[in-house]
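Below is one structure, written out as structure tokens; comments come after it.
Read the numbers this way: they start at 1 and go in the same order the structure lists the ligands and their atoms.
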Amino acid sequence: MTDTNPFESLQEQLDDASEYLDVREDVLERLKQPERVLELTLSVEMDDGTIETFDAYRSQFNGDRGPYKGGIRYHPGVTRDEVKALSGWMAYKTAVVDIPYGGGKGGIELDPSEYSESELERITRSFAEEIRPFIGEDKDVPAPDVNTGQREMNWIKDTYETLENTTAPGVITGKALENGGSKGRVEATGRSTMFAAREVFDYLGKDMEEATVAVQGYGNAGSIAARLLEDLGANVVAVSDSSGAIYNPEGFDTRQVKEFKRDTGSVAGYDRTTEEFGNEDLLTLDVDLLVPAALENAIDGGLAHDVQADVIVEAANGPLTPDADDVLTERGIHVVPDILANAGGVTVSYFEWVQNRQRFQWTEERVNEELESVITDAFDAMIDAYEANDLPNLRTAAYVVAVQRVVDAYEGSGSWP
Ligand code: NAD
């Protein structure tokens, strides 16, 4: 991992796309900055009665196409600039898949493994109380991200509804089913990653049934993408998490690896045939498909020279630095960008919000079918832009589509005051 500032990466990606767009300089400047960033210090009582403080953020990047939308991350590496970058990627992600949202993101700087469940509940409810004036079904709709899930979403919904004295399940997505969640939401990010991989393999004339796959990060996004790719016939030969990486050229049973991780806390040690193998080895393994599904900046310009995968599909947000993009473009390695490949999470979040407002639950089959059509339409729009404008890579093509949609919404409604 490198210490590239993710917010600068986002701005560079927008500059790259703007070269191929007819966008006014002043409008582009506006589209490179968040509209509002809330910076908080949460003071929360611990189980032993002491008070601990936590830095927390909510960034609302762009609301031209609808309510701000984006996850909440709990991680010791959370910073203001990281949250700003993630909120920007959300704005362009919702645009590239054409769902009526803007982009937002939140985070608390903490390592959740160091806190009890009751402490995490108080931290989460304190955060929910602080952001309450700024969120709402039609204002800003948070969701899970790294180290948060249904439990935290339920706490936030409950805090909001209690303080507002109302019922508003659509104030947050990624809830448990019995609390207004959607079928298919847990799997959605891994599923869109699989659709994106399937589509790019089709486009390049590559056979998924012959493919070897390496997946960095075996959490929600990575483990589900691995399983769904295995279901398509691919051979998942290497996976990793923050405790280590494993490799077996014969391939793994991805479900068994997940069970092993559930029981032991890590994928490391799953397979006795596994040789000494580290995370960097995984990223440079000679495979057909590499799926980075951990955190930002996994591959920088230096490491990009050693990547041997034919295709990269980004399940994580921002796993490649702009330098890495340049190197991979030059080397002819295709990258399906995060804003499209992992957009399944926000797309099914959108379906959850629609169902909450309709007070009507869709079947899992319907959710998955609608998701497939959203992702394949977005993929086709990206490829059309790529070919029509002879663009250098698929990321630039996805941004060209997305930025144009945000610009059209902004210019269509005019500015006020
Ligand atoms: P998660 O916490 O469930 O999983 C993250 C995984 O990455 C864990 O297995 C962790 O051990 C591993 N990891 C962390 N550092 C690592 C390292 N240096 N090397 C290898 N593995 C490492 O989180 P998630 O929800 O799966 O999110 C992963 C990525 O996907 C993030 O970039 C997130 O923003 C993105 N994403 C998630 C969703 C979603 O709906 N969950 C949606 C869109 C994007």
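- For the pair R36 and F134, the cation does not sit on the ring face, since its NZ or CZ is not both under 6.0 Å from the ring centre and inside 45° of the axis.
- Within the set A298, G71, G219, the minimum heavy-atom distance to atom 4 (O) of ligand 1 is found for G219.
- Proximity of Q216 to ligand 1, defined as any heavy-atom pair under 4.0 Å, is confined to the side chain (atoms from C-beta onward).
- In this structure, E12 and P322 approach most closely via the heavy-atom pair OE2-CB, 3.5 Å.
- Close N/O approach between V146 and ligand 1 is not found [any backbone or side-chain N/O within under 3.5 Å].
- For the ring-ring contact (aromatic ring centres under 6.0 Å, His included) condition, the pairs that include at least one residue of residues 336-378, sequence neighbours left out, are Y101-Y350, Y101-W353, F351-W362.
- When all heavy atoms of W155 and R125 are compared, the pair lying nearest together is O-NH1, 3.5 Å.
- Checking only distances, K105 never comes within under 3.5 Å of ligand 1, N or O to N or O.
- Checked by distance only, ligand 1 and N342 stay at 3.5 Å or farther apart across all their nitrogen or oxygen atoms.
- Polar contact with ligand 1: present for T189 (N/O pair, distance under 3.5 Å).
- Distance check, rounded to the nearest 0.5 Å: CD of E130 to CD of E39 gives 12.5 Å.
- The ring-ring contact (aromatic ring centres under 6.0 Å, His included) contacts involving residues 316-344 comprise nothing, where partners must be two or more places apart or lie in separate chains.
- Residue G345 has no nitrogen or oxygen atom sitting less than 3.5 Å from a nitrogen or oxygen atom of ligand 1, judged on distance alone.
- Residue N279 touches ligand 1 through its side chain alone, judged by heavy-atom distances below 4.0 Å.
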